[in-house]
Amino acid sequence: MSVTYLNTGLPKPVPAPDGLDAPFWKGLQENKLFIQRCSSCHRWQWGPEWICHRCHSFDLGFEEVEPRGLIYSHERVWHPVHPALKDQGPYIVVLVEMPQADNIRIVGNLLGDPEQTIPIGSEVTARFEHHKDEDPVYTLLQWQIES
Amino acid sequence: MSSDRTLRGKVGIAGVAETTYYKRGEAPDAEFKLALEAIVRACANAGISPKDVDGFASFSNDRSDASRLSAALGINDLRFANMQWGGGGGGGSGAIGNAAAAITTGMAECVVVFRALAQGQFGRFGQGPRRNTISGDFAHTVPYGLMSPAQMFAMKVNRFMFDHGVHQEALRAISLASYHHAQNNPRAVMHGRPLDEEKYESSRWIVEPFHLYDCCQENDGAAAMVLVSADRVKDFDHPPCYVLSAAAGSHHRAGAPVHNAPDYATSAFKTLAPRLYEMARVKASDVDVLQSYENFTGGVLMSMVEHDFCSPSECNDFFAVDNLIASTGKLPLNTSGGNLAECYMHGLGLNIEAVRQVWGESSNQVDTADVSMVISGPMVTPVSACIFGSEATL
Ligand SMILES: [Zn+2]
């Protein structure tokens, strides 16, 4: 059994029915972070959309990004709103900014002590959290402050 | 803006009303019946027949359909049926703006703005999804335990407080002011349930920086307002109360998915507030009393900064209880008790309270309420705001 940050039982992420974010979810299962990038103006965009908001090109792809970033904001949750987290205790959600990809942001959990202080601006690196025993299988992207 | 392209002084409020406000799930009536009851009462408050209403405007995908309302009430001729896009309370003042625009342009004569909620009948807000799988934008947040409005907005508020060194006590003052005002308002669900600093501090965290008392209630009930053209306003029993301006919208890519708005730590009013004030021809220092939507106290603070009531660096001084209470405070805030302590009717109660202040009918009346302002639904998109004014403002 792999150890997961949050208790199991939350809804499992699956690609959008229209396929918009499918490369992202597939990449995570292969320990890779794929983010949408415009083939015309070469800028990064997140969350994914069918059009580039900068140049209005429909020619968008997904490219691999080094899975590291900076804590842009954070929160410590104490009151669960889902039964799966009833006995979880406090947990930390972070918003991670990626300067290497036009400062797009991704949501994840911050690994480690849930009561740790969380300095905004801290460098974090990703951990791929595989949920291989689930049906369907999926992978979450979690974060750890660099020591 | 050319002078004829304005709502300023073109529309007035003929009547307002609400049902009894209930705790979540405790309304004895169906949601649609609550809507009807609020509308009938608002028409009675105006002294008109509901049959003479010719338009409905609402927000947040209200389930009480305008055609069903029109049939149920025997409306003679429905001319305007409008829904402001967007969730939460972001559309409250926007719906008033839409109604006012319809009247100003001659599309309708008498428009009811309303909101009805029965969560017992239709399920709660603020709860995580119970599905086995999840896709779309929420797939990128829910599996990490980020799923409720409190959790979505705390992320913005934390960043704002970090950027500007805002203390928890500033949020606390907002909550204490609302509960203070509710003690004088018999309609308030929290009437008779006062809050003090100790009770606030010892309350549990929901998600930092929100204690329990930083979060809005969840309620059942309905609220309605009757809008007519300004030339009819003096036909009614109330002192004239005009719409001076209304504005809705949000800044560049405010709705960018998965927390990617370029300007992130904002209540989404930065581009709207100048338009609001320009149309009303007032500035923040002219505002006599303010109702500012509290989904969470942090949103109130950020909204008020973005409407120029204080700068970010002044928050720790400005947000003190004494400044925020009627009638002695610099800027009496949420004088009915608001969403925290009167009722969470997706904020339409705030608009009603703003009108009652102009009419001199508030349970926490300020001395002179010539300019009475409402900020609706911070941190969602689109958001909205409106300003009401007395005869003296025209
Ligand atoms: Zn492009």
Side-chain angles (χ1 to χ4, degrees), chain A residues 4-7 9-18 20-22 24-25 45-49 53 71-85 88 90-97 103-110 118-121 129 131 134-136 138 140-142, chain B residues 124-163 203-212 214-215 218 252-266 296 298:
Chain A
T4 58
Y5 180 79
L6 291 178
N7 296 346
L10 290 177
K12 306 168 186 53
V14 294
D18 59 12
L20 183 58
D21 61 358
F24 171 82
W25 293 113
Q45 168 166 295
W46 199 252
E49 189 48 274
H53 71 85
I71 294 180
Y72 187 81
S73 193
H74 59 82
E75 63 188 27
R76 189 175 356 255
V77 180
W78 292 83
H79 174 70
V81 297
H82 192 284
L85 301 178
Q88 177 72 44
Y91 60 93
I92 296 171
V93 187
V94 285
L95 185 59
V96 175
E97 182 179 59
N103 298 92
I104 65 100
R105 303 184 201 117
I106 286 188
V107 167
N109 296 120
L110 184 65
I118 317 153
I120 283 178
E129 184 185 279
H131 293 244
E134 300 281 357
D135 181 22
Y138 63 95
L140 298 180
L141 196 63
Q142 307 291 28
Chain B
R124 283 185 74 177
F125 296 112
Q127 298 298 294
R130 301 294 197 265
R131 298 191 294 278
N132 182 47
T133 62
I134 192 161
S135 65
D137 293 348
F138 286 123
H140 297 267
T141 56
V142 169
Y144 302 98
L146 195 169
M147 56 187 92
S148 71
Q151 293 160 0
M152 292 174 205
F153 298 147
M155 197 75 94
K156 291 175 192 270
V157 175
N158 272 325
R159 178 72 202 208
F160 185 90
M161 291 174 79
F162 168 82
D163 284 342
S203 69
R204 60 194 167 96
W205 287 115
I206 300 301
V207 47
E208 295 175 42
F210 303 146
H211 282 276
L212 174 65
D214 291 298
C215 304
E218 297 176 84
H252 174 65
R253 281 177 52 77
V258 203
H259 296 249
N260 272 273
D263 186 1
Y264 179 72
T266 168
F296 308 98

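Each chain gets a letter, A, B and so on, in the order the sequences are listed, and its residues count up from 1. Keep in mind that what you see is a predicted model, and the values were worked out from it rather than measured.
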Give, for atom [atom1] of [X] and atom [atom2] of [Y], the distance between the pair rounded to the nearest 0.5 Å.
X	Y	atom1	atom2	answer
A:Leu95	B:Asn158	CG	CG	11.0 Å
B:Tyr144	A:Leu10	OH	CG	11.5 Å
B:Phe162	A:His74	CZ	NE2	7.5 Å
A:His79	B:Phe210	NE2	CZ	14.0 Å
A:Leu140	B:His140	CG	NE2	11.0 Å

What residue in [options] has the most heavy-atom pairs under 4.5 Å with chain B?
options	result
A:Ile120, A:Leu6, A:Val93	A:Ile120
A:Ile104, A:Val77, A:Asp18, A:Asn103	A:Val77
A:Ala84, A:Gly9, A:Pro83	A:Pro83

Original post:
Is the centre of the B:His259 ring less than 6.0 Å from the centre of the A:Tyr72 ring?
Top reply: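 Here the rings of A:Tyr72 and B:His259 have centres that are no less than 6.0 Å from each other.
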So, for [X] and [Y], which heavy atoms are closest and what is the spacing to 0.1 Å?
X	Y	value
B:Ala139	A:Pro13	O-CB, 3.7 Å
B:Glu208	A:Glu75	O-CB, 4.1 Å
B:Pro129	A:Pro11	O-CG, 3.5 Å
A:Pro136	B:Thr133	CD-CG2, 3.9 Å

Let me know if [X] has heavy atoms under 4.5 Å from chain A in its side chain, its backbone, both or neither.
X	result
B:Pro262	backbone
B:Arg253	side chain
B:Asp137	neither

Subject >> Residue among A:Gln45, A:Glu97, A:Arg105 satisfying side chain to side chain contact (heavy atoms under 4.5 Å, CB included) with B:Asn260 >> reply: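 When A:Gln45, A:Glu97, A:Arg105 are each tested with B:Asn260, the side chain to side chain contact (heavy atoms under 4.5 Å, CB included) holds only for A:Arg105.
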At a 4.5 Å cut-off on heavy atoms, which part of [X] comes close to chain B: side chain, backbone, both, or neither?
X	result
A:Pro90	neither
A:Leu20	neither
A:Asp135	backbone
A:Asn109	both

Subject >> Residues, nucleotides or ligands: over 12 heavy atoms within 6.0 Å of B:Phe138 CZ >> reply: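 No, not enclosed.
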Original post:
Taking B:Ser148, B:Pro143, B:Gly136 one by one, which has the highest count of heavy-atom pairs under 4.5 Å against chain A?
Top reply: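 Max contact count across the listed options: B:Pro143.
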Subject >> Those residues that, when tested against B:His252, pass side chain to side chain donor-acceptor pair (under 3.5 Å) (two or more places apart) >> reply: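 For B:His252, no residue satisfies side chain to side chain donor-acceptor pair (under 3.5 Å) once neighbours in sequence are set aside.
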Subject >> Partner residues of A:Glu134 under the salt bridge (Lys or Arg N to Asp or Glu O under 4.0 Å) criterion, sequence neighbours left out >> reply: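 Partners of A:Glu134 under the salt bridge (Lys or Arg N to Asp or Glu O under 4.0 Å) test: A:Lys12.
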**OP:** Decide yes or no for B:Val258 and A:Ile106: does some side-chain heavy atom of the first lie under 4.5 Å from some side-chain heavy atom of the second?
**Re:**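 They are not in side-chain contact.
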Original post:
Taking side chain as C-beta onward, heavy atoms only, is A:Val81 less than 4.5 Å from B:Gln151?
Top reply: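 Yes. Closest side-chain heavy atoms under 4.5 Å.
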